[in-house]
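As C-alpha cells, the structure follows; a few thoughts come after it.
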Number of protein chains: 2
Amino acid sequence: MIRHAQYSNDALELVARRFAVLSEPMRLRLIQALFGGEKNVSELVEATGGTQANVSRHLQTLTSAHVLGRRKAGLQVFYHIADPTIPKLCDLVCGSLEKSLSRQVASLS
Amino acid sequence: MIRHAQYSNDALELVARRFAVLSEPMRLRLIQALFGGEKNVSELVEATGGTQANVSRHLQTLTSAHVLGRRKAGLQVFYHIADPTIPKLCDLVCGSLEKSLSRQVASLS
DNA sequence: CAAGCATATGATTGGTTGCGCATATACGCT
DNA sequence: AGCGTATATGCGCAACCAATCATATGCTTG
C-alpha cells in the first residue's frame, strides 16, 4: 500500500472528481440503496423518493465514474455497486463523523 | 465496525458535505503538503502555488470541517491534518483509481 | 407495426462555489 | 504609538451543477 504518496496535478484532479461524485446526498442515497444488492431504476426511484429523471441522471454520473455498474434486462436496467472501495469509504467517513460529533457533544458539558 | 449501516437524510447530508470538502484539487494539494507535518500559511502558499487569499480561504474550509487543525505562533498560523482518516481516504481513492485506470489501459489492447 | 412501459436526455433555471482584487485584522518590533 | 509582516475577509464575477419539465429512445407484447 502506497501511503502518503505525492501526486501530480492531474492525479489530484481525478481524486477530487471522485470525491465530488460522492458529495451529493441523492447519490449517497442511491449507493446506500444498492448496498443490499442490485436494483432497477424504478426500485431506486421508490427507495430514494426522487423523480425518475433525477435518479436517472445521478445513476449516469455514478456509472460513468465507475462507481456503479449497469445490467440491462429487457425493459429494465439494473444497477449495482461496481467499486468495492465505496462501502469502505462511506464507513470511514461515517466513523470519523461520529467521533467528531461525539467529541462536540462531550465538549458541551 | 458498522458495515453498510442505513443512514438518515441528515447523516447523508453530513457525509456528502465531508466528501465535498475533499472534492477540490487545491484543497487536496494543501492536504498533501501537510502529509509531511504542520506548515504555516506562507509555506503552504509556496508549496501549492496558489495565491495567499485563496489558500487562506481553503484552509478555513478545511479547518471548519475539522479536517485540519490550527496553531497560532506569533504572526504565523500553522496548520496540520487533524483527522487521521484523511490519509486513509486518499489512499483508498487513489488505489481504486489506479486499478480502474489500469483496467481501462488494458482494455485498449 | 402499433401501443405501452421503463429509462434516458435536451433545455432551462436557480443556487452554490471557486477565484481574484482589494482591504481589513492580528501580532511583533522598535 | 507607529510600522511592517502574516493571515483573514468582503465583494463581484464566472463557471459549474442539481433539479424540473418535457420529450425522446429502447424494448416487449399483442
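From a predicted model like this one, the values you see are computed outputs, not experimental measurements. The sequence lines fix the lettering, A, B, ..., with proteins before strands; numbering per chain opens at 1.
- Using a 4.0 Å heavy-atom criterion, one finds that A/Arg17 contacts the sugar-phosphate atoms exclusively.
- Protein atom CZ of A/Arg29 is 12 Å distant from nucleotide atom C1' of D/dA18, rounded to whole Å.
- A/Gln60 contributes no side-chain N or O that forms a donor-acceptor pair with the base of C/dA8 under 3.5 Å.
- Whole-Å rounding puts the A/Phe19 CZ to C/dG18 C1' distance at 19 Å.
- Phosphate proximity of D/dG26 to A/Lys72: absent, as no side-chain N or O sits under 4.0 Å from OP1 or OP2.
- Rounded to an integer number of Å, the gap from NZ of A/Lys39 to P of C/dA6 is 18 Å.
- Residue-to-nucleotide contacts include no donor-acceptor pair under 3.5 Å from the side chain of B/Arg27 to the base of C/dG18.
- The side chain of B/Asn54 places an N or O atom within less than 4.0 Å of a non-bridging phosphate oxygen (OP1 or OP2) of C/dC19.
- At the phosphate of C/dA8, OP1 or OP2 sits under 4.0 Å from a side-chain N or O atom of A/Tyr79.
- For the pair B/Asn40 and A/Met26, nearest-nucleotide mapping onto DNA chain D gives the more 5' position to B/Asn40.
- Atom pair A/Leu44:CG and C/dA8:P shows a separation of 10 Å (rounding to whole Å applied).
- A straight line from CZ of B/Arg70 to P of D/dT7 spans 10 Å, rounded to a whole angstrom.
- Within 4.0 Å of B/Thr51, counting heavy atoms only, lie sugar-phosphate atoms of the nucleic acid but no base atom.
- Between B/His58 and C/dC19, a side-chain N or O to OP1/OP2 separation shorter than 4.0 Å is present.
- Between A/Glu43 atom CD and C/dA6 atom C1' the separation is 12 Å, expressed in whole Å.
- Within the 4.5 Å cutoff, the side chain of A/Thr51 has no heavy atoms near those of the A/Val45 side chain.
- A/Ser42 comes within 4.0 angstrom of sugar-phosphate atoms only, judged by non-hydrogen atoms across all strands, and of no base.
- Candidate nucleotides D/dA8, D/dT20, C/dA6 were compared by shortest atom distance to the side chain of A/Ala53, and D/dT20 ranks first.
- The side chain of A/Leu75 has D/dC27 as its nearest neighbour among C/dT7, D/dC27, D/dT7.
- With B/Ile81 as the fixed residue, the side-chain contact (heavy atoms from CB on, under 4.5 Å) test singles out one of B/Leu34, B/Val67, B/Leu30: B/Leu34.
- The number of heavy-atom neighbours closer than 6.0 Å to CZ of A/Arg17, taken from other residues, nucleotides and ligands shown, is 12 or below.
- For A/Glu24, counting side-chain heavy atoms from C-beta on, the closest listed nucleotide (D/dA18, D/dC27, D/dA19) is D/dA18.
- For A/Gln52 against C/dA8, a side-chain-to-base donor-acceptor contact under 3.5 Å is present.
- Side-chain to base pairing of A/Arg57 with D/dT20: one donor and one acceptor N or O lie within less than 3.5 Å of each other.
- To the nearest angstrom, C1' of D/dT5 lies 17 Å from CD of B/Glu46.
- Checked by atom type and distance alone, the side chain of B/Arg18 never pairs as donor or acceptor with a backbone atom of A/Val93 at under 3.5 Å.
- Transitive grouping of hydrophobic side chains (ILVMFWY, heavy atoms separated by less than 4.5 Å) brings B/Leu14 and B/Tyr7 into a common cluster.
- Clustering ILVMFWY residues whenever any of their side-chain heavy atoms sit less than 4.5 angstrom apart, transitively, puts B/Leu44 in a cluster other than the one holding B/Phe78.
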